[in-house]
2 protein chains.
Amino acid sequence: MGPMGDMTEPRWLTDEEHHVWRAYLHATTLLEDHLDRQLQRDAGMPHVYYGLLVQLSQAPRRRMRMTELAKDAKITRSRLSHAVARLEKNGWVRRENCPSDKRGQFARLTDEGMEVLRRNAPGHVAAVRQALFDRLSAEQVKQLGEIMRVMAEGLEPAGPDADLPWLR
Amino acid sequence: MGPMGDMTEPRWLTDEEHHVWRAYLHATTLLEDHLDRQLQRDAGMPHVYYGLLVQLSQAPRRRMRMTELAKDAKITRSRLSHAVARLEKNGWVRRENCPSDKRGQFARLTDEGMEVLRRNAPGHVAAVRQALFDRLSAEQVKQLGEIMRVMAEGLEPAGPDADLPWLR
DNA sequence: CCCATTTAGTTCAACTTTCAAGAATGAGTC
DNA sequence: GACTCATTCTTGAAAGTTGAACTAAATGGG
């Protein structure tokens, strides 16, 4: 802490930082909105839900424990419970009991869910491409990757008393 | 369209693109979550609402027309209506009629709202710094700015038949 | 074995966001 | 002026999210 304690003037953002921050907020907001809309229209679900199906499709037996899935998707378990309930109603996911831990649940991607994914993957990839990868140079893609990696690292302290979403 | 019409195999993401995309989703999700939590705890409102107050605080007479504010914040007018209603209940914003257009409304930041902003700005800036600017090199900050600028440009077609959030 | 504690997951109530109308005013045209 | 259409903003219901409380099962001492 500085010599003036809590009275120290905070380090405000420089002009450049301020502009970058605004650009960040605008770009990320617009993109998430765009993808949400595209998927809601074509696949009948928001982007986060689609992401859950993708995760499941890549898991060993197309199934994952709830907490593991929440952790990978960076969402709370509560949110996941609701999401899976909805996806189950759609017939795209099925819950299964975990034999080795009776508290546990698996979420498994059904064939129907797999099919939804197949049908919508091209459109989704196209949307991501069009918004991001087709507009950035190879250099910029590399830079973006590194920047995002640094950011995520800072927000996932992994420390013993960290406040991670999937534990809340 | 390719020579095979709709049957053309879509251009999937390369391995690198895929990793960058995942990193992007994780980092942006974690950051938004982090800021939401920080502001909800300290200021009693989500990040988007805080952003609205900031916009108002920088506007000429600390007031803006609803549509203009929605446009700057990249949200729908409906969402803004609800948000302003909530902020008004808190006493942080007041609605005023527009004399030149009887359909119009101004949202004005109250003194109380200004005070909330003053109290919470340091904490908010610190959170942004800690997550972003203190972790990136000057070079990376510049790169991030340019990348976000390109992204936003692509998502705000400004074309005549564009689907812009603040018009929905 | 018993108890306290931790972990997995769900549920409830409060809140936010979206979508589809709808009310009111403005603007252009004949 | 009357008609039509566009614009501004709001509303209400449905969908999604959050944080806290809760159930049930596992874990780890005594």
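Throughout, a chain's letter reflects where its sequence line sits, starting with A, and its residues are numbered from 1.
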Non-neighbouring partners of A:Arg65 that pass side chain to side chain donor-acceptor pair (under 3.5 Å), sequence neighbours left out: none
Basic-acidic side-chain contact under 4.0 Å: B:Glu146, B:Arg149: yes
Whichever hydrophobic residues join A:Tyr50 through chains of side-chain contacts under 4.5 Å: A:Leu39, A:Met45, A:Val48, A:Tyr49, A:Leu52, A:Leu53, A:Val54, A:Leu56, A:Met64, A:Met66, A:Leu69, A:Ile75, A:Leu80, A:Val84, A:Leu87, A:Trp92, A:Val93, A:Leu109, A:Met114, A:Val116, A:Leu117
Members of residues 52-69 of chain B that approach DNA chain D, where some heavy atom sits under 4.0 Å away: B:Arg65, B:Met66, B:Thr67
Qualifying residues under ring-ring contact (aromatic ring centres under 6.0 Å, His included), relative to B:Phe106, sequence neighbours excluded: none
With sequence neighbours excluded, residues passing side chain to side chain donor-acceptor pair (under 3.5 Å) with A:Arg11: B:Asp134
Nucleotide interval of DNA chain D bounded by contacts with chain A (heavy-atom cut-off, under 4.0 Å): D:dG16 to D:dA26
Salt bridge (Lys or Arg N to Asp or Glu O under 4.0 Å) against A:Asp111, all qualifying residues, sequence neighbours excluded: A:Arg62
Under the ring-ring contact (aromatic ring centres under 6.0 Å, His included) test, residues paired with B:His47 that sit two or more places apart: B:His124
Partners meeting salt bridge (Lys or Arg N to Asp or Glu O under 4.0 Å) with A:Asp42 (sequence neighbours left out): none
Nucleotides 16-26 of chain C: protein proximity per nucleotide (B base, S sugar-phosphate only, - neither; heavy atom, under 4.0 Å): SBBB----BBS
Set of salt bridge (Lys or Arg N to Asp or Glu O under 4.0 Å) partners for B:Glu68, sequence neighbours left out: none
Partner residues of A:Asp33 under the salt bridge (Lys or Arg N to Asp or Glu O under 4.0 Å) criterion, sequence neighbours left out: B:Arg168
